[in-house]
Amino acid sequence: MKTEEYAVAERFDLIIIGGGPGGYVAAIRAAQLGQKIALVEKRATLGGTCLNVGCIPSKALLDSSEVFAQAKSHLSRHGVQVGEVKLDLGAMLVRKDKVVKGLTDGVTYLMKKNKIAVYAGTGKLAGAAKEGVFTVGVTGAKNETLEAAVVLLATGSEATQIPSLPFDGKNVVSSTEALCFDRVPNHLIVVGGGYIGLELGSVWARLGAKVSVVEFLPRILPLSDGEIAEALHKSLVKQGITFHLDTGVTGATVKGSQLVVTAKSKDKEVVFEGDKVLVAVGRRPFTAGLGLSEAGVTVDGKTGRVPVNVDFMTNVPGVYAIGDLIEGPMLAHKAEEDGVVFAERRAGIESHVHYDTVPSVIYTWPEVASVGPTEEQIKSSGREYKKGVFPFNASPRARCMDESEGFVKVLADAKTDRLLAVHIFGPRASDMIAEAVSVMEFGGSAEDIGRTCHAHPTLSEALKEAALAVDKRALHL
Ligand code: NAI
């Protein structure tokens, strides 16, 4: 980058590169704390992967496809008779795009409200700091040069490719393209039984596609609690999704409009024929073209992550990183917490992120929501623990909703009763997990949940009952 090509530099307190949930939230909090901020974003809209091509559009489609599935098979059980249920995929995709637009416009409004200067273009560090000031070049419709003593990198991550199965944007796709297929695939082959594979596999299966999930390991969701993953696996099989575990993809060839995917399962060759392949085998930090090596910022060669200290500072004083770029789960809400704490610690506020209490959610139906270690992890740590389980089929509200599949599992320290983890597989698990997170934040016990009055009839009573079950005193089991 030749900085002389750029207009006269504007000076800020902080330049943030990346306008996703990590970057834009850091910008808001830093602005609240009185900083003058520039936010650089190369996408046409703010909100990053999450709002544009990740969490939000996928949840919009998950909600719409769930409504479709309910209308087809569930409403009659409530005594609601509807005529022939037809899919209008075009309208469903338009609604999804409207949801995304409303929310990305909302972020633009928040930037204006907080007087954050947004620069459209690709940001790049122009080498090391000179007299404590970094220069960031912005290449876009207008080329601009910004200066600040502090630069925050919040560029997120990108989908990992399998070398033998490269993305072609049409037939072999990442989650981005799988959010806008213009027709329901006949056979969608999903490579990877993780978060994205199971969520988007659910969407297209509900809309009528045959869906086959090919997973390298002997189980789905390798990082989740085993009992919960097994329950979800069984449920998705009942919903019509086929799983091929212990199966690694070796390549694919296009035969007209069909794809032939080859894989190996226990030394046996397996062949899948389908019209779309979604590759969802993880994500990698996005650091290309940021000028990190020129600025001397270290990147871990193996993981691609940027090592940072407790203040989120990289090895180069003045350059910071948050979110998917650094260690930890690649989750929007974790990136937001990083962003807030980064801004506060720079302002001298002693805040920090409690990584042990970052919840995770898989938005299948039923949903999976967890906080804390898996039961396997607790067991292998040698810590003695007690376990309470309560099934949703004993929950009055779940029965009223006709959504009684799943259970809540509470794990507490055997001696102190301190809450160690909660894993939920069930309806609206995503909303229920917040209570467990709060109790863990306060260092609370299973008894604290068990002694808390929960409104009746609500799904949250299942968490209370599971907490009581830790001491074998559930009331409705
Ligand atoms: P993931 O890490 O959740 O799952 C990838 C799966 O692919 C693993 O089960 C792995 O064993 C399998 N795999 C790897 N290589 C393979 C191969 N060659 N053949 C077959 N299987 C293979 O990754 P995913 O689903 O791509 O999601 C990426 C990230 O996005 C996740 O880390 C997650 O944090 C985030 N995300 C979060 C969501 C949420 O919070 N609800 C939703 C979607 C994504």
Side-chain angles (χ1 to χ4, degrees), residues 20-22 48-63 156-167 172-179 189-203 212-224 226 229-230 232-233 236 243-252 261-266 270 272 277-286 303-305 323-338 355 358-371 424 429-431 433:
T49 299
C50 170
L51 267 77
N52 288 284
V53 288
C55 323
I56 297 303
S58 64
K59 261 82 267 178
L61 284 186
L62 277 156
D63 286 333
S157 58
E158 60 182 343
T160 307
Q161 296 225 35
I162 300 182
S164 60
L165 203 62
F167 297 128
V172 180
V173 301
S174 72
S175 54
T176 302
E177 295 80 21
L179 289 166
I189 300 158
V190 176
V191 183
Y195 282 58
I196 294 179
L198 300 183
E199 290 185 2
L200 289 180
S202 293
V203 166
S212 305
V213 176
V214 182
E215 166 59 51
F216 187 66
L217 294 174
R219 54 167 285 190
I220 60 165
L221 300 173
L223 300 179
S224 300
E230 198 184 324
L232 175 62
H233 182 174
L236 292 175
F243 289 88
H244 302 268
L245 304 180
D246 259 331
T247 306
V249 169
T250 50
V261 174
T262 49
K264 253 197 169 163
S265 176
K266 295 180 188 142
V270 203
F272 302 93
V277 180
L278 162 63
V279 179
V281 295
R283 297 182 62 86
R284 271 186 76 78
F286 187 80
T303 63
R305 305 227 185 194
D324 289 4
L325 282 183
I326 66 168
E327 212 188 315
M330 289 187 172
L331 298 171
H333 47 278
K334 177 265 188 187
E336 290 189 28
E337 296 301 319
D338 284 352
Y355 291 106
V358 173
S360 67
V361 176
I362 304 161
Y363 295 85
T364 46
W365 194 266
E367 296 175 337
V368 169
S370 294
V371 59
I424 308 173
S430 55
D431 294 314
I433 200 68

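Remember, it's 1-based here, ligands and their atoms both numbered in the order they're listed.
Ranking protein heavy atoms by distance to atom 2 (O) of ligand 1, first place goes to Gly282 CA, 4.2 Å. Protein heavy atom nearest atom 29 (C) of ligand 1, with residue, atom name and distance: Arg283 CD, 3.8 Å. In this structure, atom 7 (O) of ligand 1 lies nearest to the protein heavy atom Gly192 CA, 3.3 Å. Atom 5 (C) of ligand 1 has as its closest protein heavy atom Ala280 O, 3.5 Å.
Contact atoms of ligand 1 toward Val214: 20 (C), 21 (N) (distance under 4.0 Å to a heavy atom of the residue). Within ligand 1, the atoms closer than 4.0 Å to a non-hydrogen atom of Val361 are 39 (C), 40 (O), 41 (N), numbered from 1 in the order shown. Per-residue contacts place Gly194 under 4.0 angstrom from the following atoms of ligand 1 (heavy atoms of the residue considered): 3 (O), 4 (O), 6 (C), 25 (O). Ligand 1 places these atoms under 4.0 Å from at least one heavy atom of Leu217: 11 (O).
The proximity of Leu331 to ligand 1, defined as any non-hydrogen pair under 4.0 Å, is limited to the side chain. The proximity of Ile162 to ligand 1, defined as any non-hydrogen pair under 4.0 Å, is limited to the side chain. Using a 4.0 Å cut-off between heavy atoms, Val281 contacts ligand 1 through both its backbone and its side chain. Proximity of Val191 to ligand 1, defined as any heavy-atom pair under 4.0 Å, is confined to the side chain (atoms from C-beta onward).
Where the criterion is an N or O separation shorter than 3.5 Å, residue side chain and backbone included, Ile196 meets it with respect to ligand 1.
Nearest to atom 21 (N) of ligand 1 by heavy-atom distance, out of Phe216, Tyr363, Tyr195, is Phe216. Across Glu199, Glu215, Met330, heavy-atom proximity to atom 8 (C) of ligand 1 is greatest for Glu215.
Shown here, atom 44 (C) of ligand 1 is in close reach of the protein: a heavy atom of it lies under 4.0 Å off.
The closest side-chain heavy-atom distance from Val368 to Tyr195 is not below 4.5 Å. No side-chain heavy atom of Phe286 sits under 4.5 Å from any side-chain heavy atom of Asp324. The closest side-chain heavy-atom distance from Arg219 to Ser224 is below 4.5 Å.
Checked by atom type and distance alone, the side chain of Glu336 never pairs as donor or acceptor with a backbone atom of Pro21 at under 3.5 Å. Between the Ser164 side chain and the Thr250 main chain, a donor and an acceptor come within less than 3.5 Å of each other.
The nearest pair of heavy atoms linking Ala178 to Leu200 is CB-CD1, 4.0 Å.
The number of heavy-atom neighbours closer than 6.0 Å to CD of Gln161, taken from other residues, nucleotides and ligands shown, is above 12.
Ion pairing of Lys334 with Asp338 is present here, as a side-chain N (NZ or NE/NH1/NH2) and a carboxylate O approach within less than 4.0 Å.
For the side chain to side chain donor-acceptor pair (under 3.5 Å) test, no residue two or more places apart in sequence or in another chain qualifies with Ser58. A search for side chain to side chain donor-acceptor pair (under 3.5 Å) contacts involving Thr160 returns nothing, not counting sequence neighbours.
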